Undergrad: 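Structure incoming, see below.
Every chain is numbered from 1 and lettered A, B, ... according to where its sequence line falls, protein lines coming before strand lines. Everything numeric in this text was worked out from a predicted model, so none of it was measured.
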2 protein chains.
Amino acid sequence: MADHSQSVDRITVSASTTPKIKDVARVAGVSTATVSRALSKPDSVAANTRQVVLDAARVTGYRINQAARNLRQQKSGAVVVLVPNLGNPFFSQILAGIESTLAKRGLSVLMVDTKQSELPSEYLHHSRADGIIALDGSLPGTLLAEIQSGIGTPPIVFACEWDPDDMFPSVRVNNRHGAALAIEHLVELGHRNIGYVGGPPANVLTGARLEGVQRALQANNCAVCEQWLFQGDFSLQSGAHVAAQWLAMDNRPTALFCANDEMALGVISHLHRSGVNVPRDLSIVGFDDIDVARFFLPPLTTIRQPRSKLGTESADLLMEKLEHGLISDSRSETVLPVEMVVRQSTARIAN
Amino acid sequence: MADHSQSVDRITVSASTTPKIKDVARVAGVSTATVSRALSKPDSVAANTRQVVLDAARVTGYRINQAARNLRQQKSGAVVVLVPNLGNPFFSQILAGIESTLAKRGLSVLMVDTKQSELPSEYLHHSRADGIIALDGSLPGTLLAEIQSGIGTPPIVFACEWDPDDMFPSVRVNNRHGAALAIEHLVELGHRNIGYVGGPPANVLTGARLEGVQRALQANNCAVCEQWLFQGDFSLQSGAHVAAQWLAMDNRPTALFCANDEMALGVISHLHRSGVNVPRDLSIVGFDDIDVARFFLPPLTTIRQPRSKLGTESADLLMEKLEHGLISDSRSETVLPVEMVVRQSTARIAN
DNA sequence: TTGTAAGCGTTATCAC
DNA sequence: GTGATAACGCTTACAA
């Protein structure tokens with residue numbers, strides 16, 4: 001006598017179109033509701049029914065239609081990640097951290113480059129995304145207001161420096177402290193004339209790290225010389241440009257703290273070609289500890305930032321918000337530690 | 001007498017829930033069908049009606065519900081991008097190219113890290129994605145079969161080296177040619193003993209570039225020495241490891257072609273610390289021309305690959321497939337040019 | 001435990 | 001040019 005699974009197998013399914021729950025139901029000989037339950041809440045259905053349904057789903061090649069489920073459940077199953085510049089490798093590890101964490105929970109990751117596309121406003125609707133992770137604070141104020149109103153917008157988490165008394169949850173590192181560590185390291189090596197290479201002036205990181213620099217310099221009774229505050233744009237090229245400026249100066253600082261590693265490497269590279277030796281003639285400290293930092297020549301002294309963890313923590317924080325609903329107080333701030341990594345681009349000052 | 005827009009403004013809308021088309025219709029005094037048309041096909045509606053609807057939409061703060069639209073239109077408005085390793089900065093520029101191109105057409109980008117999440121099978125359903133871009137060829141055969149059947153799966157484009165007689169469209173660079181360029185450059189500098197540093201053996205890039213190396217060596221009557229075929233994993237660290245192996249050899253090659261820039265930099269870095277000078281004692285060629293290559297010390301000679309263009313072209317190709325439907329023959333292959341970039345990590349052989 | 005049936009918010013078809 | 005209405009494929013009260 002033929003067992004059940006065989007009789008199921010024998011039913012021919014028209015393969016011209018993608019099978020729907022209705023088709024599975026017909027093959028399994030149950031209602032669509034039962035199929036739905038068997039697939040999404042297996043425990044709510046009898047064991048043998050479940051097996052019949054699963055077999056039928058396999059036989060028909062059934063795949064759930066996400067759009068239909070999303071509409072019905074009023075969710076999107078996705079989180080949108082706002083990246084200032086996808087092409088910047090600095091973000092790749094953060095993104096990897098976010099992706100792995102969200103993927104574990106079955107959420108998909110929608111990436112939006114805020115530099116390129118002008119209007120991510122549509123993404124901030126909960127029919128598009130169940131949540132938002134923003135990797136920088138430079139979002140248009142109108143969008144922020146929209147998010148803040150919280151009317152049709154999903155919860156947001158900032159994975160970056162952000163206005164401290166703001167009302168959005170965030171995961172970040174202490175940039176002021178990191179910058180101060182860099183300055184203190186240089187002071188310990190005997191430097192008193194210390195310059196700072198920032199990114200774009202409007203950038204929050206530029207500002208926060210500059211603050212740390214200024215505080216630390218003052219705390220150590222070092223002059224804060226306007227002329228030694230250089231402006232880059234976080235690129236290698238801009239670092240090289242700063243190096244050229246430094247070369248042209250009468251009154252040079254003996255050490256430079258750069259707001260990121262790329263600029264630091266750009267400085268070293270340009271100086272080396274001009275016959276200036278780092279660290280002998282100038283000490284350089286970077287920020288981030290990108291992969292290539294420890295392989296550069298000389299290996300770069302820098303402030304390490306846990307990029308992958310920034311990603312995983314911000315994703316975790318967002319999911320907490322998602323699960324607890326908006327009920328839990330939305331204010332919360334995780335500050336991850338930075339770490340001084342001393343290599344060979346800094347040296348005791350010659351005298 | 002109050003004009004229309006004012007009377008519209010005066011209507012109070014309950015803000016407790018996000019407005020739907022029905023609400024806009026009520027405010028505008030038209031049917032839901034007209035609202036839908038006015039918003040998505042403005043030309044199909046009378047000018048003044050359109051204005052009334054747009055005003056009503058603005059007043060109510062209406063945002064389209066993507067889930068509903070997706071279900072109705074049987075599209076997802078998204079493209080899924082399969083990335084072998086999101087944390088690898090090499091991909092970031094490709095991703096940026098993909099994102100910018102797709103964003104222009106109103107498509108969103110779903111990123112999936114194929115190394116981390118085991119089962120992206122669900123993503124290959126057209127209720128999830130209208131199309132797929134794969135950044136490497138190492139997808140499970142079962143998935144490929146599924147895609148190939150084309151039953152419920154969207155069109156796919158490979159942005160990578162791929163089996164030449166395969167049936168999927170692809171955008172790639174000529175890796176064999178690039179590798180050959182590197183070898184020829186070294187041969188011109190007088191090198192006869194040339195080694196190759198590959199990535200993981202199973203990797204398609206490793207294989208393709210190795211082929212190019214072997215052909216070029218043979219064409220130039222150079223020995224292909226098994227011992228000089230090193231194995232790395234594309235990381236800086238693995239480059240350093242290869243350098244250590246090279247140092248320990250009796251019979252050293254005088255030049256090394258590395259399958260990517262990171263490994264090349266790792267080699268140089270390690271050698272330099274061991275007192276070996278590049279290019280004096282060993283010439284090094286990389287592949288990719290990552291940003292830091294030209295700022296390294298010495299600046300790296302390498303084969304440039306147009307990463308951003310790989311992204312934009314693959315996205316363009318995919319959209320072509322999307323618009324022309326599956327009718328157009330799916331076989332097609334775009335090969336982008338690579339370029340030899342001579343810097344200072346290679347030199348004429350000493351004798 | 002299972003079936004029935006009412007939506008989720010849009011858009012496409014068909015009248016008018 | 002516009003309005004009524006029937007899907008799109010799924011989930012979930014509610015009933016049985």
Undergrad: Whole Å only: how far is the CZ atom of B/Arg50 from the C1' atom of D/dG1?
TA: 12 Å
Undergrad: Between C/dC8, C/dT11, D/dC8, which nucleotide gets closest to the side-chain atoms of B/Gln74?
TA: D/dC8
Undergrad: Between A/Gln66 and D/dC10, is there a side-chain N or O to OP1/OP2 distance below 4.0 Å?
TA: no
Undergrad: Could you check how far CZ of B/Arg26 sits from C1' of D/dG3, rounded to whole Å?
TA: 17 Å
Undergrad: Among the nucleotides D/dG3, D/dT2, C/dG9, which one has an atom lying closest to any side-chain atom of B/Ser31?
TA: D/dG3
Undergrad: Which of these nucleotides, D/dT11, C/dT11, C/dG9, is closest to any side-chain atom of B/Asn65?
TA: C/dG9
Undergrad: Consider only side-chain N and O atoms of A/Ser76 and A/Asn70, and report whether a donor and an acceptor are under 3.5 Å apart.
TA: no
Undergrad: Using atom CG of B/Asn70 as one end and atom P of D/dG9 as the other, report the distance to the nearest whole Å.
TA: 13 Å
Undergrad: Quick one: is C/dT1 close enough that its OP1 or OP2 comes under 4.0 Å of any side-chain N or O from A/Thr49?
TA: no
Undergrad: Given side chain to side chain contact (heavy atoms under 4.5 Å, CB included), test A/Leu107 with A/Leu322 step by step and report yes or no.
TA: CA-CA 11 Å; A/Leu107 288 166; A/Leu322 291 183; 4.2 Å; yes
Undergrad: Using side chain to side chain donor-acceptor pair (under 3.5 Å) as the criterion, list what pairs up with A/Ser44, not counting sequence neighbours.
TA: none
Undergrad: Rounded to the nearest angstrom, tell me the gap between atom NZ in B/Lys22 and atom P in D/dT5.
TA: 14 Å
Undergrad: Provide, to the nearest angstrom, the distance between the CD1 atom belonging to A/Ile21 and the P atom belonging to C/dA5.
TA: 17 Å
Undergrad: Pick one: which of B/Val83, B/Val79, B/Leu135 meets side-chain contact (heavy atoms from CB on, under 4.5 Å) with B/Ile98?
TA: B/Leu135
Undergrad: Of the listed nucleotides (D/dC10, C/dG3, C/dT11), which one gets closest to any side-chain atom of A/Arg69?
TA: D/dC10
Undergrad: Between A/Asp23 and A/Lys20 (salt bridge meaning N to carboxylate O under 4.0 Å), is one present in this structure?
TA: no
Undergrad: Could you go through nucleotides 12-16 of chain D and list every protein N or O atom that sits under 3.5 Å from one of its N or O atoms, giving the distance for each pair?
TA:
{"unit_1": "D/dT12", "atom_1": "OP2", "unit_2": "A/Lys41", "atom_2": "NZ", "d": "3.1"}
{"unit_1": "D/dT12", "atom_1": "O4'", "unit_2": "A/Arg72", "atom_2": "NH2", "d": "3.3"}

Undergrad: Could you give the NZ-to-P distance, from A/Lys75 to D/dT11, as a whole number of Å?
TA: 11 Å
Undergrad: Rounded to the nearest Å, what distance is computed from the NZ atom of residue A/Lys20 to the C1' atom of nucleotide D/dA7?
TA: 12 Å
Undergrad: Hey, does B/Leu86 have a side-chain heavy atom less than 4.5 Å from the side chain of B/Leu95?
TA: yes
Undergrad: Under the rule for side chain to side chain donor-acceptor pair (under 3.5 Å), what residues qualify as partners of B/Gln51, not counting sequence neighbours?
TA: B/Asp55
Undergrad: To the nearest Å, how far apart are A/Tyr62 OH and D/dG9 P?
TA: 10 Å
